[in-house]
Amino acid sequence: MAGHYTTASRRRIQEFLRNNCDRTVTVADIAFHLKETGNEVNLTTIYRYLDKLSGEGSVIKYAAEKGSQAAYQYVENGKKCDEHLHLQCVRCGCVIHLDCEFMGEISKHVKQDHGFTLQCRKSVLYGTCQKCTQRQKDS
């Protein structure tokens, strides 16, 4: 019976991650959602499963800044997030993957003009997304 519970818990966690793949989430976000839907799961279970998914590459773990929680984002297989940069909105948490042709040009420029080979490894640039910028203008 305990094995079934673990499988069900993992399925619910992964479902939440997939449904929120356009933004980062914290363990507290996942725990709150599960509790609200009547599927309360132990925090240790959530942390362990996120670590497993992170190791498999289906979840990106963004390191926490001092005084805040680490954030996680579900990534579809084949996304190759270690090969491109990410933009993360500091207001809503949405993440944009910069896996476009332009990134190749940047890498080429940096290598040719600065003698430096880029390795992204979950590199994140922080700022404000277009939606949040527009909301701020409208208010």
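Computed from a predicted structure; not experimentally measured.
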Which pair of non-hydrogen atoms, one from [X] and one from [Y], has the smallest distance, and what is that distance?
X	Y	answer
C21	Y74	CB-O, 3.8 Å
A70	T26	O-CG2, 3.7 Å
L53	Q14	CD2-NE2, 4.1 Å
R23	Q73	O-CG, 3.6 Å
T128	C89	CA-SG, 3.9 Å
T45	S9	CG2-CB, 4.4 Å

With no hydrogens and no angle check, do the side chains of D51 and S54 hold a donor and an acceptor under 3.5 Å apart?
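No.
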When clusters are formed by joining ILVMFWY residues with side-chain heavy atoms under 4.5 Å apart, either directly or through shared neighbours, do I106 and L87 land in the same one?
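Both belong to a single hydrophobic cluster.
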Would a single hydrophobic cluster contain both V41 and L43, if residues Ile, Leu, Val, Met, Phe, Trp and Tyr are joined by side-chain heavy-atom contacts under 4.5 Å?
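Linked within one cluster.
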Going by ring pair (Phe, Tyr, Trp, His ring centres under 6.0 Å), name the residues that satisfy it together with F16, two or more places apart in sequence or in a different chain.
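Scan of F16 (ring pair (Phe, Tyr, Trp, His ring centres under 6.0 Å), adjacent residues dropped) gives H33.
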If I take atom NZ from residue K131 and atom CD from residue Q134, how far apart are they, to the nearest 0.5 angstrom?
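Nearest 0.5 Å value for the NZ-CD distance: 12.0 Å.
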Can you tell me how far CD1 of I46 sits from CZ of R48, rounded to the nearest 0.5 angstrom?
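It is 12.5 Å, given to the nearest 0.5 Å.
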For T44, side chain to side chain donor-acceptor pair (under 3.5 Å) partners two or more places apart
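Scan of T44 (side chain to side chain donor-acceptor pair (under 3.5 Å), adjacent residues dropped) gives N42.
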4.5 Å side-chain heavy-atom contact, I30 and L17:
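Yes, side chains in contact.
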Do NZ/NE/NH1/NH2 and the carboxylate oxygens of E56 and K52 come within less than 4.0 Å?
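A salt bridge is present here (some side-chain N lies under 4.0 Å from a carboxylate O).
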